[in-house]
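Counting starts at 1 for both ligands and their atoms, following the listed order. Sequence positions, counted from 1, serve as the residue numbers for this chain.
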Amino acid sequence: MTETNPVRPVPVDRISAWDFEADVVIAGYGIAGVCAAVGAADAGADVLVLERTGGWGGAAALAGGFVYLGGGTAVQKACGFEDSVDDMRAFLTAALGPGVDEEKIAAYCAGSVAHFDWLVGCGVPFKHEFWGEPGWEPPTDAGLQYTGGENSAPYATVARPAPRGHVPQMSDKRTGEQGGGYMLVKPLAEKAAALGVRAEYDVRVQTLVTDASGRVVGVLAKRYGTDLAIRARRGVVLATGSFAYNDDMVRAYAPHLVGRPAASIEEHDGRAIRMAQALGADLAHMDATEVAFFCDPQLIARGILVNGRGQRYVPEDTYPGRIGQLTLLKNDNEAFLVIDEESYEAGVAAPTSSPQLRHQPKWVCETVAELEAEMGLPERALQTTVEVYNLHAERGADPLLGKKREWVKPIGSPVAAIDLRGMTGGFTLGGLRTSLHAEVLHVDGAPIPGLYAAGRAAAGLSAWGYCSGVSLGDGSFFGRRAGIAAAGG
Ligand SMILES: Cc1cc2nc3c(=O)[nH]c(=O)nc-3n(C[C@H](O)[C@H](O)[C@H](O)COP(=O)(O)OP(=O)(O)OC[C@H]3O[C@@H](n4cnc5c(N)ncnc54)[C@H](O)[C@@H]3O)c2cc1C
C-alpha cells in the first residue's frame with residue numbers, strides 16, 4: 001500500500017481537487033454494481049460507476065446466471081409449479097443456515113416476484129421452460145431448475161418444494177466461459193447506459209474519503225498509476241465482489257478455501273471490505289462459502305458417494321453444492337463415487353452442461369470386496385455400506401439418507417470407484433454487515449453515513465449453506481436497494 005492509497009479513510013480537507021463528481025459513486029460494475037446503477041439512476045441520481053477492469057461484467061458475466069427467485073414468478077407458473085413466499089422463506093432459512101439473517105431472508109422472499117418482474121422489465125430474458133435432470137446448469141436455454149436441493153432430503157419435507165433457479169436465456173452456453181450470466185448483466189448495463197449512467201474503466205477504488213462528521217463523501221482510486229479523487233455528493237456503493245482472492249483474508253476467515261478459489265475472479269481481493277472496516281464497519285458470516293464439487297451430477301445421482309471411511313454421507317441426488325460443502329467441510333475433502341458399469345454408462349449418455357466433469361473410474365472390479373481392497377479401505381467398510389444400501393434399494397428406498405426413489409438402484413457388477421478426493425473449490429459469501437437498505441453498519445449497529453454495499457462485498461443471505469442463484473439473487477436485489485438508498489442521500 002502506498003502513501004497515496006491508504007486503506008484508512010482520508011479526510012476531505014486533504015483533497016485539493018476532484019477528478020470526477022456524481023451524486024452516487026459505485027465501485028465495481030458486476031451484478032451488484034449494475035443494479036445499484038439502474039436503481040440510483042431510476043431514482044433520479046446522477047451516477048458514476050468506477051470499474052477496475054476494462055468493461056462491465058465482473059464474475060457475474062462469466063456466471064451460469066442462476067438468480068434464485070420464487071414465490072410464484074411467471075416462469076414458475078408457466079412451468080406448472082406452485083410456490084409461496086412462506087415456502088421460499090422456510091426453505092432458505094433451513095438451507096442457507098444455520099444463523100441466517102431472518103429479516104433479510106424475509107424481505108428477499110417477499111420482494112422476489114417483484115424483483116423478477118423488474119429484471120424482465122430491464123430486458124433480462126427468461127425462457128418459460130423447466131430443466132429437471134441432475135446438473136449444475138441446464139445444457140439448453142431452459143429458464144428454471146432446482147438449484148438448492150429443494151426436492152431432496154432433508155429439505156423436501158421442510159417446505160413444499162419448488163424450483164427457484166432462474167437462468168437467463170442464452171444459446172451456445174459453455175459452463176464457466178460463456179454462461180447465462182452474460183445475458184443477465186448485458187441488458188442491465190444497457191439499461192444503465194440508457195438512463196445516463198457514466199462509467200470509468202481501469203479505475204481501481206482504494207480509499208474512502210470522509211468529512212468531519214464521519215460521512216463518506218468520496219473515494220480515491222488509481223488508474224494506470226495516476227491517483228484520482230472522486231466526489232460522491234449523496235453516497236458511495238461498494239460492489240467490488242468477494243475476498244476469495246485475498247489469501248490473507250481467506251486464511252483468516254475461511255481457511256478451508258485456501259488454495260481453492262473457484263467461480264470467482266482475481267479482482268475479488270477484499271479491498272473494499274478492508275476500506276470499510278477501517279471506518280469501523282462490522283462484518284458478518286465471514287466463514288460462509290460456496291463450495292463446488294467437480295463431478296457431473298448425472299454420474300453422482302446414479303452411484304453412492306462415500307467418504308474416506310467408505311461411508312455414505314449425503315443423498316447423491318441433492319444440489320451438488322451441498323455435496324461440495326459436506327465433502328470439504330465435514331468429510332475431510334475426501335469422496336469416492338461407487339458406481340456399477342450399467343449406471344456409469346447411463347450417466348455418461350445423459351445430457352449435461354458439464355461433460356468435462358465426467359471422470360473415468362480409478363478402480364474397476366468384479367466385486368465390492370475386491371474394490372474395497374484395491375481402494376485400501378478397511379475390510380468390510382465399503383462392503384457393509386453397499387450391503388445396507390442394496391438391502392433397501394431392492395425395494396426402491398433409501399431410509400438412511402433419503403435419496404429419491406427414482407435414483408435408488410442396487411449396485412451391481414462390475415463395480416467401479418471414481419476418485420473425487422480434493423475435487424472442491426469455491427468463493428466466499430461473507431462481508432460487510434448491511435441493513436435491509438444496504439447501508440453499511442458500524443460495529444455499534446448504526447449505519448455509516450454515505451456508505452452502502454451489496455453483492456459479495458457484503459454479507460448476503462447465506463450464513464453457511466448455499467443454493468445456486470443466491471449470489472446473483474441477493475447481489476441484484478440488495479444492489480438495486482443500495483442504489484435507491486444512496487440516491488436518497
Ligand atoms: C463460472 C461462474 C459461475 C457462477 N455461477 C453463478 C450462478 O449461476 N448463480 C449465482 O448466484 N452466482 C454464480 N456465480 C457467482 C457470482 O457470479 C458472483 O458471486 C457475483 O457475480 C458476485 O457479485 P458482485 O457484484 O459482488 O461481484 P462481480 O459481479 O464480480 O462484480 C464486481 C466488480 O467489481 C470490480 N472491482 C473489484 N475491485 C474493484 C475496485 N477496487 N475498484 C473498482 N472495481 C473493482 C470487479 O472487476 C468486478 O467487475 C458464478 C461465478 C462464476 C465465475
Identity of the nearest option to atom 37 (C) of ligand 1, non-hydrogen atoms only, from T240, V470, V185, L429:
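Looking at heavy atoms only, T240 sits closest to atom 37 (C) of ligand 1.
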Residue R204 vicinity, atoms of ligand 1 by number, heavy atom under 4.0 Å
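In order of numbering, the contacting atoms are 41 (N), 42 (N).
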Between S435 and H437, is there a donor-acceptor pair closer than 3.5 Å when you use the side chain of the first and the backbone of the second?
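Pair found, side chain donor or acceptor close to backbone of H437.
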F116 and ring-ring contact (aromatic ring centres under 6.0 Å, His included): which partner among F126, Y68, Y108?
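The single option meeting the ring-ring contact (aromatic ring centres under 6.0 Å, His included) with F116 is F126.
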Is the closest heavy atom of H268 to ligand 1 under 4.0 Å?
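The answer is yes, since H268 has a heavy atom less than 4.0 Å from ligand 1.
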Pick one of side chain, backbone, both or neither for how Y466 approaches ligand 1, counting any non-hydrogen atom pair under 4.0 Å.
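Y466 to ligand 1: side-chain contact only, backbone stays beyond 4.0 Å.
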Is it true that Y224 and R204 share a donor-acceptor pair across their side chains at a distance under 3.5 Å?
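No - no donor-acceptor pair under 3.5 Å links their side chains.
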Is the shortest N/O to N/O distance between A59 and ligand 1 below 3.5 Å?
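Yes: some nitrogen or oxygen of A59 is under 3.5 Å from one in ligand 1.
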As an exercise, identify every atom of ligand 1 less than 4.0 angstrom from a heavy atom of F427.
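The atoms of ligand 1 under 4.0 Å from a heavy atom of F427 are 15 (C), 19 (O).
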Testing the 3.5 Å rule here: is there a donor-acceptor pair between the side chains of S462 and H285?
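Absent: no donor and acceptor within the cut-off.
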Under 3.5 Å between some N or O of ligand 1 and some N or O of R456?
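Yes; the residue has a nitrogen or oxygen that sits under 3.5 Å from a nitrogen or oxygen of the ligand.
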Ring-ring centroid check H268 Y245, cutoff 6.0 Å
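So the answer is no for these two rings.
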Could you walk me through whether T428 and R456 pass side-chain hydrogen bond (donor to acceptor under 3.5 Å, both in side chains), step by step?
CA-CA 8 Å; T428 59; R456 293 290 58 83; over 6 Å; no
Geometry only, no angles: is S242 polar-contacting ligand 1 at N/O separations under 3.5 Å?
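No, there is no polar N/O contact under 3.5 Å.
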Just jot down the ligand 1 atoms closer than 4.0 angstrom to any heavy atom of A263, in number order.
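Here the atoms of ligand 1 in question are 51 (C), 52 (C), 53 (C).
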Using a 4.0 Å heavy-atom threshold (strictly under), name the region of L50 that reaches ligand 1: side chain, backbone, both or neither.
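The answer is the backbone.
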I'd like to check which ligand 1 atoms, numbered from 1 as shown, lie under 4.0 Å from a non-hydrogen atom of G455.
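In order of numbering, the contacting atoms are 26 (O).
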Heavy atoms, side chains only, cut-off 4.5 Å: are D23 and V47 in contact?
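Not in contact.
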Between the side chain of T147 and the main-chain N/O of S468, is any donor-acceptor distance below 3.5 Å?
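Judged by distance alone, yes, a pair lies under 3.5 Å.
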Taking atom CD as the centre, does E266 end up with more than 12 heavy-atom neighbours from other residues, nucleotides or ligands that are less than 6.0 angstrom away?
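Open: at most 12 neighbouring heavy atoms sit under 6.0 Å from CD of E266.
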Nearest to atom 5 (N) of ligand 1 by heavy atom, G64, A61, A32: which?
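Nearest heavy atom to atom 5 (N) of ligand 1 lies in G64.
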More than 12 foreign heavy atoms under 6.0 Å from CD of E21: is that the case here?
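Enclosed: over 12 neighbouring heavy atoms sit under 6.0 Å from CD of E21.
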With a 4.0 Å heavy-atom cut-off (strictly under), which part of A221 contacts ligand 1: side chain, backbone, both or neither?
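Looking at A221 and ligand 1, no heavy atom falls under 4.0 Å.
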For Q206, which part has a heavy atom under 4.0 Å from ligand 1: side chain, backbone, both, or neither?
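It is neither; nothing of Q206 touches ligand 1.
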Using a 4.0 Å heavy-atom cut-off, which part of Y29 comes near ligand 1: side chain, backbone, both, or neither?
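Backbone only; the side chain of Y29 stays clear of ligand 1.
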Mind listing the closest non-hydrogen atom pair of I26 and A239 along with its distance?
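Closest approach of I26 to A239: CG2-CB, 4.3 Å.
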Numbering as shown, the atoms of ligand 1 that approach G469 to under 4.0 Å (heavy-atom distance)
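Near G469, the atoms of ligand 1 are 9 (N), 10 (C), 11 (O).
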For ligand 1, is there an N or O atom under 3.5 Å from any N or O atom of A60?
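N/O-N/O distance under 3.5 Å: yes.
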Provide the number and element of each atom of ligand 1 under 4.0 Å from a heavy atom of T53.
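Once the distances to T53 are compared, the set is 47 (O).
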Does K173 qualify as a cation-pi partner of Y182, given the criterion of NZ or CZ under 6.0 Å from the six-membered ring centre and within 45 degrees of its axis?
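Because its charged atom misses either the 6.0 Å distance or the 45° angle limit, K173 does not stack over Y182.
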Side chain, backbone, both or neither: which part of V167 comes within less than 4.0 Å of ligand 1 when only heavy atoms are counted?
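For V167, there is no contact with ligand 1 at all, from either part.
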Which label fits Y146 and F81: parallel for a plane angle under 30°, tilted from 30 to 60°, or perpendicular past 60°?
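If you compare the ring of Y146 with that of F81, the planes turn out perpendicular.
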Please work out whether any backbone atom (N, CA, C, O) or any side-chain heavy atom from C-beta onward of V203 is under 4.0 Å from ligand 1, and answer side chain, backbone, both or neither.
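The backbone, only.
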Y201 and Y29 aromatic ring geometry - parallel, tilted or perpendicular at 30°/60° bounds:
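Parallel, since the angle between the ring planes stays under 30°.
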Do you know which of K77, Q76, R160 makes side-chain hydrogen bond (donor to acceptor under 3.5 Å, both in side chains) with E82?
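Single pass found, and it is R160.
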Using modelled atom types and a 3.5 Å cut-off, is there a donor and acceptor pairing between side-chain atoms of K191 and backbone atoms of K186?
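Absent.
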Write down the atom of V49, the atom of A37, and the distance for their closest heavy-atom approach.
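For V49 versus A37, the nearest heavy atoms are CG2-CB, 4.0 Å.
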Below 3.5 angstrom, do we get any N/O pair linking G33 and ligand 1?
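No: no nitrogen or oxygen of G33 is under 3.5 Å from one in ligand 1.
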Would you mind finding which of G58, G65, G28, A239 brings a heavy atom closest to atom 32 (C) of ligand 1?
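Among G58, G65, G28, A239, the closest heavy atom to atom 32 (C) of ligand 1 comes from A239.
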Ligand 1-proximal atoms of S264, by part, heavy-atom distance under 4.0 Å:
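Backbone only.
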Taking N or O atoms only and a 3.5 Å limit, does L472 qualify as a polar contact for ligand 1?
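It does: an N or O of L472 is found under 3.5 Å from an N or O of ligand 1.
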Are any of the N or O atoms of E51 closer than 3.5 Å to those of ligand 1?
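Yes: some nitrogen or oxygen of E51 is under 3.5 Å from one in ligand 1.
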Nearest heavy atoms of C35 and L188, plus distance in Å
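Heavy-atom minimum between the residues: SG-CD1, 3.9 Å.
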Pairs of nitrogen or oxygen atoms closer than 3.5 Å, one from L62 and one from ligand 1: do any exist?
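Among all N and O atoms of L62, none is under 3.5 Å from an N or O of ligand 1.
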Can you tell which of G475, S471, G30 gets a heavy atom nearest to atom 19 (O) of ligand 1?
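Among G475, S471, G30, the closest heavy atom to atom 19 (O) of ligand 1 comes from S471.
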Contact check: A27 vs ligand 1, nitrogen or oxygen atoms, below 3.5 angstrom:
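In this structure, A27 places no N or O atom under 3.5 Å from an N or O of ligand 1.
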Which is it for E267 and ligand 1 at heavy atoms under 4.0 Å: side chain, backbone, both or neither?
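Looking at E267 and ligand 1, atoms from backbone and side chain both fall under 4.0 Å.
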Do G473 and ligand 1 have an N or O pair less than 3.5 Å apart?
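Not met; the criterion fails.
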Considering the heavy atoms of V205, write down every atom of ligand 1 situated less than 4.0 Å from one of them.
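Going through ligand 1 atom by atom, the ones under 4.0 Å from V205 are 40 (C), 41 (N), 42 (N), 43 (C).
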